[in-house]
Amino acid sequence: MKKLLLLLLVGHQASAQTSTPLTAHLDKVKLTFALSADGRPTYAVNYGPKSVVNTSRLGLVFQDKQGFDGRLVLTGSEVKDVDETWQPVWGEVKSIRNHYQQLTVHLRQPAAPGRRVDVVFRVFADGVGFRYEVPRQLALGNFVVMDELTEFALPADHQAFWIPGDYDTNEYLYTKSRLSAVDNSAQVKGSGEIAVRSAPDAQAVATPLMLKADNGLYINIHEAAQVDYPAMQLHVDRASHRLTAQLVPNAVGSKAFLHAPARTPWRTIIVSDKAPKILASKLILNLNEPSKLPNTDWIKPLKFVGVWWEMQVGKSDWKYAESIDTLDAQGHLIPTGRHGANTANVKRYIDFAAAHQIPGVLVEGWNVGWEDWFGNWKERVFDFVTPYPDFNVPVLSAYAKSKNVSLLMHHETSGAATNYEQHLDTAYQFMNRYGYPSVKTGYVGRIIPRGEHHDGQWMSNHFARVAEMAARHHVTVDMHESVRPTGLARTYPNWLASEAGRGNEYNAFSIGSPPEHETIMPFTRLMGGPMDYTPGIFKLKGYSASAPERQVHTTLAKQLALYVTLYSPLQMAADLPENYEAHLDAFRFIEDVPVDWDDTRILAAEPGDYITTVRRAKGKDEWYLGSITDEQARQQPVKLDFLTPGRRYEAVIYADGKDADWQQNPASYQITRQIVTSKSTLTLRLAPGGGAAVSFKPVGAQKPS
Ligand code: NOJ
Ligand code: CA
């Protein structure tokens, strides 16, 4: 529940000011707004004496050619200061400070029809958010956005961590390059990748875009509260380092159909001279609207196992039969005998979950349709309520309940969002009837309505509709192949996680992702919200039925550390029960690690190189630390001054073995125990592609400090 602790709202400048520049600032961050001589709105951002964004254009182009692209006059402006604190329903910290100075500028076309637009800037200590607000007005009702002119004119050729600006997927490997070298035309997706690539502009990158300047600044560009509007990508001008907003188009080639009053998502620029502060930023969440849900007590973050990795690695299959065109004499599908979601196998996972206090079991491939789900761009493939003959819903739901475990639902839509919307109500009623608290959705393949893209306006509204409909049925959601998040989980706290990035599964069915991948993810994909990354693979080699050379690109200890470094309220223990049973001592960390936190400290971080994060469990004085590295071995010293002074803790350290190496010897780990206090220091030795995970639990009586 959100509780307003302190609200300070001072309107200290309300004027009919008509000249620019106008400024707003907080600590080191300063925003300047100005109108150019020909009436084009511009802004610039500084961090202390350093320029973050040089004078950059703002504006919207409309289909009727009477948008806000120039010839505007300033009719007034206001500045106000806000300092409040709110409590997220779940999250990395217990409470969040929302402290900013807001500058609103009112602009108008001088000639008929005299349309009005506001640009609202919020300046935080760690960056700036701004959006366009089109007020209700006689001069404007319905309008069609053809383009957004927002620019980010960067002062130098920064290092960038980028993926292509694709209209349909974010499942790419990150490239680290100077902005002047951005070129996505060579990027072909690895084998086994199933989303459709649509990246017509070789110089377009997706957001969140992470930048590192030679002058020591770290800058992250993204957006907040993307609803009823397409996702923003950035076209990189390689010579000038100017980034220009590029909106994902709809089926008819425009960008957004809107009606005044309307507002765009916030464009966000997070900046700091310390990389950990980028990861700690709450700017994007703060720019989202508070929860829309009247009651959130039913929302439960959770860990789960599932009938899933075995299909990803080719040990079993989602589909029950080879084909819908080959039937037996009675007209039934002919089973292949490789169907993973069969009652006996699901019971095995339920038993494992119950024995290890894992609250959820995901089952994919339980429902009719998988023989024909992919590649045909068909609308009616799944109905989300018809199980295969070997998957007994009432029996399994009762069995799970008797073991205090929840079954988690899977709704693959195969991109047919229209079909899903028609079935949402019955599908969620079915979940309610059989006690499924949470659903994983999926949008593999091309979208229906045909011509729409995963990241366009239509789908952005679809994802919000799904979150709303799920909430009405007290269902939490994990959306795969959705648009990448922009902090909307604040508004829909039942939207626990999304995929929208290159998850651990790529190690199962493709060339995988190199060891630096997980050190980049928090600075990019995760800036907008949690990811269902599916960590926890223990059998790191020799798991693929078809490609024995495949391996996970981390050590086992690093798989544990990911539960802390990649924040999500929904975390899978993705490997097979038998692979966990071979390492139950290491699995203990997965059993223990929470998915909801009161506090988080980023102790060390550098994009592409390393991250060390420690978090305090919700409502407990227990801390969990994750430390990861890229392909380089590192020593990571950790001061334990986050622990309560005067209290003794048992630290259980899950570290890489002395001979561990992600490539040669990934499963080498060692577990040691040590009594520590807030005055202790640990030095973690991370192997190439390695990591360390540590739990700290208080022992004995509290010593007076
Ligand atoms: C892709 C998802 O990311 C994966 O988790 C899922 O198993 C398949 N689609 C099938 O829906
Ligand atoms: Ca690196």
Side-chain angles (χ1 to χ4, degrees), residues 159 161 168-177 189 192-196 210 212 275 304-319 340-341 362-367 369-375 381-382 384 408-416 420 439-445 454 477-482 484 497-510 513-525 531-535 537 553-554 568 570-572 574 604-611 628-634 662 686 688-690:
Q159 288 281 5
F161 296 84
D168 287 285
T169 180
N170 294 273
E171 298 180 16
Y172 286 99
L173 288 174
Y174 289 89
T175 302
K176 180 183 175 187
S177 81
K189 299 184 47 190
E193 298 180 43
I194 40 188
V196 182
M210 187 64 213
K212 186 181 177 184
F304 62 104
V305 291
V307 182
W308 180 72
W309 186 253
E310 60 174 72
M311 276 112 65
Q312 293 288 347
V313 298
K315 204 173 158 254
S316 67
D317 211 328
W318 285 267
K319 62 182 187 228
L362 169 74
V363 187
E364 294 199 4
W366 67 277
N367 59 327
W370 289 89
E371 289 73 21
D372 187 31
W373 75 293
F374 176 63
V381 176
F382 296 106
F384 314 99
L408 306 189
M409 179 50 80
H410 184 229
H411 291 160
E412 174 56 62
T413 69
S414 63
Y420 191 37
V439 61
K440 168 178 171 180
T441 62
Y443 297 84
V444 170
H454 287 74
V477 200
D478 165 20
M479 300 194 197
H480 278 232
E481 297 86 32
S482 67
R484 78 282 184 274
S498 304
E499 183 192 40
R502 193 175 170 99
N504 222 8
E505 66 185 39
Y506 275 77
N507 288 307
F509 59 71
S510 80
S513 309
E516 66 171 12
H517 186 63
E518 293 98 348
T519 70
I520 302 173
M521 276 290 187
F523 285 98
T524 51
R525 161 63 185 79
M531 177 169 182
D532 180 20
Y533 189 76
T534 68
I537 302 306
H553 294 56
T554 76
S568 178
L570 196 72
Q571 290 276 27
M572 185 169 201
E606 181 63 28
D609 294 343
Y610 55 85
I611 295 177
I628 60 166
T629 179
D630 59 1
E631 69 289 344
Q632 312 258 2
R634 289 174 209 274
W662 75 269
L686 314 176

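Both backbone and side-chain heavy atoms feed into the values below; hydrogens, waters and symmetry mates do not. In listed order, ligands and their atoms are each counted from 1.
- With atom 6 (C) of ligand 1 as the reference point, the heavy atom nearest to it among H480, E364, E412 is part of E364.
- Close contacts of ligand 1 with W308, meaning ligand atoms under 4.0 Å from a residue heavy atom, involve 4 (C), 5 (O), 6 (C), 7 (O).
- The shortest heavy-atom contact between A275 and A605 is CB-O, 3.3 Å.
- Taking each heavy atom of H553 and P514 in turn, the nearest pair found is CD2-CA, 4.0 Å.
- Atoms of ligand 1 found under 4.0 Å from any heavy atom of W370 (numbered from 1 in listed order, with element): 10 (C), 11 (O).
- Near V444, meaning under 4.0 Å from one of its heavy atoms, ligand 1 places the atoms 1 (C), 9 (N).
- Of the candidates R502, E481, K440, the one placing a heavy atom closest to atom 5 (O) of ligand 1 is K440.
- Near E499, meaning under 4.0 Å from any of its heavy atoms, are these atoms of ligand 1: 3 (O).
- At least one side-chain heavy atom of E481 sits under 4.5 Å from a side-chain heavy atom of E171.
- Checked by atom type and distance alone, the side chain of D168 pairs as donor or acceptor with a backbone atom of H454 at under 3.5 Å.
- In this structure, W318 contributes its side chain and M311 its backbone to no donor-acceptor pair below 3.5 Å.
- Only protein N, O or S atoms were considered, and those under 3.0 Å from the Ca ion (ligand 2) are G608 O, D609 OD1, D630 OD2.
- At a heavy-atom distance under 4.0 Å, no atom of M311 approaches ligand 1.
- Atom numbering of ligand 1 starts at 1 in the shown order; those under 4.0 Å from a heavy atom of H410 are 11 (O).
- At a threshold of 4.0 Å, the pair K212-E606 counts as salt-bridged, since one of the basic side-chain nitrogens sits closer than that to a carboxylate oxygen.
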* To do: Determine, stepwise, if the pair H411 / Y420 fulfils side chain to side chain donor-acceptor pair (under 3.5 Å).
  => CA-CA 9 Å; H411 291 160; Y420 191 37; 2.7 Å; yes

* To do: Walk me through it: do Y172 and R502 pass the test side chain to side chain contact (heavy atoms under 4.5 Å, CB included)?
  => CA-CA 6 Å; Y172 286 99; R502 193 175 170 99; 5.7 Å; no

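- Contacts between F374 and ligand 1, counted as non-hydrogen atom pairs separated by less than 4.0 Å, are absent for every part of the residue.
- Side-chain contact between R525 and N170: absent, with no pair of heavy atoms (C-beta onward) separated by less than 4.5 Å.
- Checking L408, D532, V305, V307 one by one against L362, the side chain to side chain contact (heavy atoms under 4.5 Å, CB included) holds for a single residue, L408.
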